[in-house]
Amino acid sequence: MAAHAVATQERQGLSNGMLGFILFLASEVMFFGGLFAAYFIARADAREWPPVYLLTPEQVAAGVKLEVEFWLPFIATLILVTSSVTIQFAVFSIQRGNRSGLIRWTFVSIILGLVFLVMQVYDYSQLHFGVGDTIYGTTFYTMTGFHGLHVLGGVIFMGIVLARSLAGQFTAANHEAVEACSFYWHFVDVVWIALFTTLYIIP
Amino acid sequence: MPSTGKVRVIRRVHLLISAALLALASISPAFAGWGMPEPITDQAKRIQDLWVFTLIIALAVFFAVEGALVYAIIRYRKRGDGLPKQTHGSTALEVVWTAIPVLIVITLFSYSFIVLRDVEKEAPADALSIEVNGFQFSWEFTYDLARLGRGEAPAKDGTFSIIGTAAQEPTFVIPVGEPVEFRLKSNDVIHSFYVPNFHYKLDVVPGRDNRFVITANQTGEFTGQCAELCGINHALMRFHLRVVERAEFDRWVAEQVASKATVRQP
Amino acid sequence: MTSIAIPRPAYAERPRVLDWLMTVDHKKLGILYLYTTLFFFAVGGILALLVRAQLAVADNTFVNNDAYNQIFTMHASAMLFLFIIPVWAGFGNYIVPLQIGAADMAFPRINALSFWLIPPAGLLMFSGFLFGGAADVGWTAYSPLARSSGVGLDLWIISVIILGVSSTIGAANFMVTMFRMRAPGMTMFRMPIFCWTMLVTAVLQLLATPVLASALAMLYIDRNFGGSFFDPNGGGNAILWQNIFWFYSHPAVYIMILPGMGIISEVLPVFARKPLFGYKAFVFATMGIGGLGFSVWAHHMFTTGAVLKPWFGFMTFMIGVPTGVKMFNWLGTLWRGSITFEAPMLFALGFLSMFLIGGINGTFSAAVPVDFAIHDTYFVVAHIHYVLFGGAVFAVFAGLYYWFPKIWGRRLDERLARIHFALQFIGFNLAFFPMHLLGLDGMPRRIATYSESSGWETLNLISTIGAFLIGVAMIPFIINVVMAFLRPKDQPNDPWEANTLEWWTTSPPPVHNFDSLPEVHSERPLWDLRHGKAAH
Ligand code: HEM
Ligand SMILES: [Cu+2]
Ligand SMILES: [Cu+2]
C-alpha cells in the first residue's frame, strides 16, 4: 500500500504542475483584464478617439500626433501568430520523441519572438507620442509594454526549454516544461491579438 | 463545576455590554434621532426615517440571534458524559433561514430604493444654485446673481464668493424652505462635501459634475467638513452653514455684493 | 481499525538555522508565516495605539497631521496586507495538508517562495519612514491624491505588488493541493470546512489580486512616467482607480474573513460535540459569498455619484443572506450540543457575538441613502473592526489556542487564556462600539484631529481607553506562550477529542506528517473511529 500518497497525486489528465500553471495563466488573464477595463473606460469617457482635443498647444507645437502605424504591427502580428504555430510543432515533435525537431522548432520560435520584440521597439521609435501624451499614450504604452515584457518572459522561457532540450532532458514521456511553455506562448499570442484588435483596428 | 463559572463570566460580560450600550445611547444628546443628529432638510428627514426603520430591524435581528446564542451557551453547556444527538442539518431549516433573510432584504431594499429616488430629485430650474469648490485645504462657495432663487437679486449678473482657508473656516448662507442646489467642483483631488445634519455627503471629484438638492426646514448654524482624505490638512477642511429666512438671506447677499471684496464680475 | 502505511522519505540533516531558512516543509513554512504575521500584527497594533493616543482628546498635537496620515495608512496596510491576509496562508500551510492527509503542499518550493516574498515586502513598505515619510494616502490610495504623494507611496506600491505575487502563487498552490493531494476516501465533500474556506479564498485571491496589481501598475506609471490613467486633464478618470481597486478589495474582504469562518467551523463542532450543522449548506454559502463578492465593489463608491446605486445596493443586501445562513448554521451546531468552554471555544463564541454586529452594521451601507450619511465616517471604522477584529482576529486567536498543541506540542494555560479573552473582549467593545455613535454624529474617518466644539471628546476618550485595554490583553497571551515554551512537549495526538485528520498524527507531526492514515468515511474521520459509524 506504499504508493497511496503518491497515487492520489497522479490521478487523471493534467499533472499537478500543469494545473498550477493554468491557474497562473488565469491570474495573468485577470491582470490584462484590469488594463483592458481601464482602456475601455477611457474610451467611453472620451468625446472622440484618439482624444486629440486633449492635446495642449505645447504638445501640438512639440509635434505630438496621436496615431499609430498599421502595416508594421500587422506584420509583427503575423510573425507572432506564426511563432505560436512553430512552438506547437516543437511540442508535437517531442510528443513523438523527436528531439531534434523539438530543438529546431523551439529555436525558430525564439527567433520569431525576438523579431517581434525588435519590430515593436522600432515601432515605438517611429511614433509621435509618449506615455505622457494623454490617456491615449498612457494606455497604448502600458498595454503594449506589459505585453512586450510577457513576450520577453516567453522568449526567456523558450530559451530555458531550448537549453534543456540541448541537454537532452526531454523525452516523449517527459516534456511537461515544453507544454507549459507552449501554453504560455499561446497565451501571449492571444493577448496580442486582442491588443492588436483594440489598439490598431478599432478606430 | 468549572464550566458554569465560565458561563457566568460570559453572561456577565454580555450584561456589562448591554448596560454600556444603554448608558452610551442615553448620554448621547442625539438619542432622539436614534443616534443621528437632527435632520435639517426634508431629504434628511426621509433618510432618518429609513435609518430608524433599518435600525429597528437590525436590533430585532441582533437581539434574536445574540439571544439565541446566549441561550445556547447557557442551556446546552456540558452536563454529563452522554453524547448529544448527532444532527447533521435540516434542509427545511436551511430553506427557512435562507428565505427569511431574503424577505427582510427585499423589504429593506424596496424602502431604500424609494427614499433614494426621492432624495435624488433634480432641482427646479429657478432654484438657488451654489457652486462649491473644494480645494486643498478649504472651500469656496460661489453664488451666481442670476441663480439666486426666489428673492430679488441686487444686480442682474455677476458672482460673489466666500473663500476659506484651513485656518479661516468659511461660512456660507442659504435660505430656509426652498430648494437649494449645490454643484460640486474640484481641480486638485477628490474631496467630499458633508454636512452631518443633511445626513448626506457627495464627493467632489475632479472632472465630474456632481450636484444635489436640499430643502432646509429650519434655521440655525451648522457645521460640515470634508469627508474624503485629501492630504495633510484634510482634518481642517471645515466649514459653517447658516440657514436663515429669505429676507435675511437677501440682505446678506446685498451686503456681500456691496462689500465688493469677493464679487467678481463676469 | 484499518489504516494505510506511508513510506518515510529520507531527509538530510542540516544546521538548525539553515534548516529554517531553506525549508520547504509546509509545517515549518506555516510556523514562519505565523511568526512573521504576528510580528506585523504587533507593529500594526502599536500604530493603532498611536492613532488612538492622538484622538484621545480634542485638538491634540501628540502627532502632527503629516505623521498621522502615515500612521493610520501604515496601520491599515500592515494589518491587512502583512497580517490578516498572510496569517491565513500561515494556518493554511500548516493545517490544510494535514487535514486532507497529504505529506506536503503540491509545490513545496513555490510555497517557500510565497513565504520569503513577505518579509522583504514588509520591510520595503515600512522603509518609507526612513525616506522622508511612509505612504500617507490611506490603504485605499485613492487617486488623484495618490498621484502626487511622496516616495513612500512608491515603496508601498512595489511592496503591495510583491505581496500580491506571494498570495497569487500561494493561491494556486492551495488550489492544486486540495484538488490533487487528498488522501484516499477524502472526497471534496468530506474536506474539513477550514479547507473549503481556504479553497474559496484561494479562488478569490487568484482572480482578484492580479486586478489590484494592474491598478497598482497604472498608479506607478501615473506617478513616475507621466501617465494619465487617473488624471481627468489628460483624459483619464478620477473614479477609475476606485473601480479597479474595489473590484479587488471587496473580494479581499472575504479573503480576510472566510478562513476565519473556517476556523470557527472547526472549533464549534469539537467543543459542542456535534457535527457542523448543515455542512453542505455551509460550503454553498461560502461559495455564494465568494461569487457575490465580485458583484458589489461599488458599494464603497455610492457617494462618488458615478455608480449604479440600486444595483450595487441590492447585491450588497444579498450578501447578507449567505452570511446569515452561516450564522444560523453555527447556532444550529451549538443547539442541543454539549458545550465546554476551553480557550478556542471562548474565542469562537466571541467571534460569533462580534461578527454578528459586524454583519449587521454592514447592511446599513447597503441602504444607499443611509450610506450617504455614514460613508467615510467612524461608523465605517466601527464596521471594519467588528468584522476584521471582532471577526478575523478573534478567529486567529481561536485558531492559535486550538492548534497550539498540534503545532508546538504544548498546551496553553486555560486560566491565562480566560483573562486574555475577557480583557480583549471588553477592550474591543469599548474601543469600537463608541465609534458607531461618533460616525452617526458626523465624525469623518481619517481625520488627524477634531475641534472641541464637535462634542466628540468623551466617546473618543472611551475608545482610546478600550484600545489600550486591548494592548493590555496581549500581556497574558504573551506570558502564556512564553510559559508554554518553557514546558516540555507533552501533548497527545488529539488533546481535544477533535474530528479531523491533523489530530491523527503526533503533536507536532513528523516531517512526513503521517505514519499511517485512517480510512475516511465522513468529514469527521476521527469521530467515526472513536464512536464507530453507528453514532454517526
Ligand atoms: C488595537 C486594535 C486596533 C485599534 C485600536 C484600531 C484603531 C483604528 C482606528 C482608530 C482607525 C481609524 C483611523 C482613521 O480613520 O483615522 C483604524 C483604521 C483601520 N483599521 Fe484599525 N485598529 C485596530 C486593529 C485593527 C485590525 C486588527 C485590523 C485588520 C485586521 C484593522 C484594520 C483597519 C483598517 C482597514 C482601517 C481603515 C484605515 C483607513 O481608513 O485607511 N485595525 N483602526
Ligand atoms: Cu479632505
Ligand atoms: Cu466591499
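Note on naming: letters A, B, ... go to the chains in the order of the sequence lines (proteins, then strands), and numbering restarts at 1 for each one. What you see is a predicted model, and the numbers here were worked out from it, not measured in a lab.
Every residue two or more places apart in sequence or in another chain that forms a side chain to side chain contact (heavy atoms under 4.5 Å, CB included) with C/Lys280 is listed here: C/Phe189, C/Phe284.
Within the 4.5 angstrom heavy-atom criterion, only side-chain atoms of B/Arg238, from C-beta onward, approach chain C. Both the backbone and the side chain of C/Leu352 come within contact range of chain B, with heavy atoms under 4.5 Å apart. Both the backbone and the side chain of C/Phe328 come within less than 4.5 Å of a heavy atom in chain B. For B/Glu228, the parts lying near chain C are the backbone and the side chain together; criterion is any non-hydrogen pair under 4.5 Å. C/Pro232 touches chain B through its side chain: at least one heavy atom from C-beta onward sits under 4.5 Å away, while N, CA, C and O do not. If you measure heavy-atom distances from B/Asn233 to chain C, the contacts under 4.5 Å come from both the backbone and the side chain. For B/Ser90, the parts sitting under 4.5 Å from any heavy atom of chain C are the backbone and the side chain alike. Only the backbone of B/Lys85 comes within less than 4.5 Å of a heavy atom in chain C; its side chain stays farther off. For a residue to count as touching a neighbouring chain, one of its non-hydrogen atoms must lie under 4.5 Å from one of that chain's; by this rule B/Tyr200 touches chain C with backbone and side chain alike. Both the backbone and the side chain of C/Leu145 have a heavy atom closer than 4.5 Å to some heavy atom of chain B.
The line from CH2 of B/Trp97 to CG of C/Leu331 is 7.5 Å long, rounded to the nearest 0.5 Å. With rounding to the nearest 0.5 angstrom, the OG1 atom of C/Thr340 is 13.5 Å from the CZ atom of B/Arg79. Here B/Gln225 contributes atom CD and C/Ser451 contributes atom OG; the two are 8.0 Å apart, rounded to the nearest 0.5 Å. Between atom OG1 of residue C/Thr363 and atom CG of residue B/Leu108 there is a gap of 7.5 Å, rounded to the nearest 0.5 Å. C/Leu334 contributes atom CG, which lies 13.5 Å from atom CZ of B/Arg75 (distance to the nearest 0.5 angstrom). To the nearest 0.5 Å, the span separating CD1 on C/Ile374 from NE2 on B/His199 amounts to 11.5 Å.
Contact between C/Pro444 and B/Cys226 at its shortest, heavy atoms only, is CG-O, 4.0 Å.
Between chain C and the options B/Ala44, B/Ala227, B/Gly207, heavy-atom pairs under 4.5 Å are most frequent for B/Ala227.
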Under the side-chain contact (heavy atoms from CB on, under 4.5 Å) criterion, do C/His531 and B/Leu83 qualify, and how do the steps go? CA-CA 10 Å; C/His531 303 286; B/Leu83 272 185; 3.5 Å; yes

Report the C-alpha separation of C/Thr377 and B/Lys201 in whole Å, then their side-chain angles, then the decisive distance to 0.1 Å, and conclude whether the side-chain contact (heavy atoms from CB on, under 4.5 Å) test is met. CA-CA 11 Å; C/Thr377 69; B/Lys201 67 178 67 69; 3.8 Å; yes

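In this structure, B/Leu229 and C/Phe72 have side chains that are in contact, with non-hydrogen atoms separated by less than 4.5 Å. Proximity of B/Tyr194 to C/Asp376: side-chain heavy atoms (C-beta onward) are nowhere separated by under 4.5 Å. Side-chain contact between C/Val321 and B/Pro101 is present, with heavy atoms from C-beta onward closer than 4.5 Å.
Under a 3.5 Å cut-off, the side chain of C/Lys274 and the backbone N or O of B/Gln86 do not form any donor-acceptor pair.
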Table please: side-chain donor-acceptor pairs of residues 53-69 of chain B below 3.5 Å, with sequence neighbours left out.
residue : atom : partner : partner atom : Å
B/Thr54 : OG1  : B/Leu50 : O            : 2.6
B/Glu66 : OE2  : B/His14 : NE2          : 3.4

Hey, can you pull the donor-acceptor pairs under 3.5 Å for the side chains in residues 301-314 of chain C, sequence neighbours left out?
residue  : atom : partner  : partner atom : Å
C/Thr303 : OG1  : B/Asp203 : OD1          : 3.1
C/Thr303 : OG1  : B/Asp203 : OD2          : 3.3
C/Thr304 : OG1  : C/Met301 : O            : 2.6
C/Thr304 : OG1  : C/Ala306 : N            : 3.1
C/Lys309 : NZ   : B/Glu120 : OE1          : 3.3
C/Lys309 : NZ   : B/Glu120 : OE2          : 2.7

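Residues of residues 184-192 of chain B having a heavy atom under 4.5 Å from any heavy atom of chain C, listed by number: B/Asp188, B/Val189, B/Ile190.
In this structure, C/Phe317 and B/Phe109 have perpendicular ring planes: the angle between them is above 60°, well past the 30° mark. A tilted orientation is assigned to the rings of C/Trp335 and B/Tyr71, their planes being inclined by 30° to 60°.
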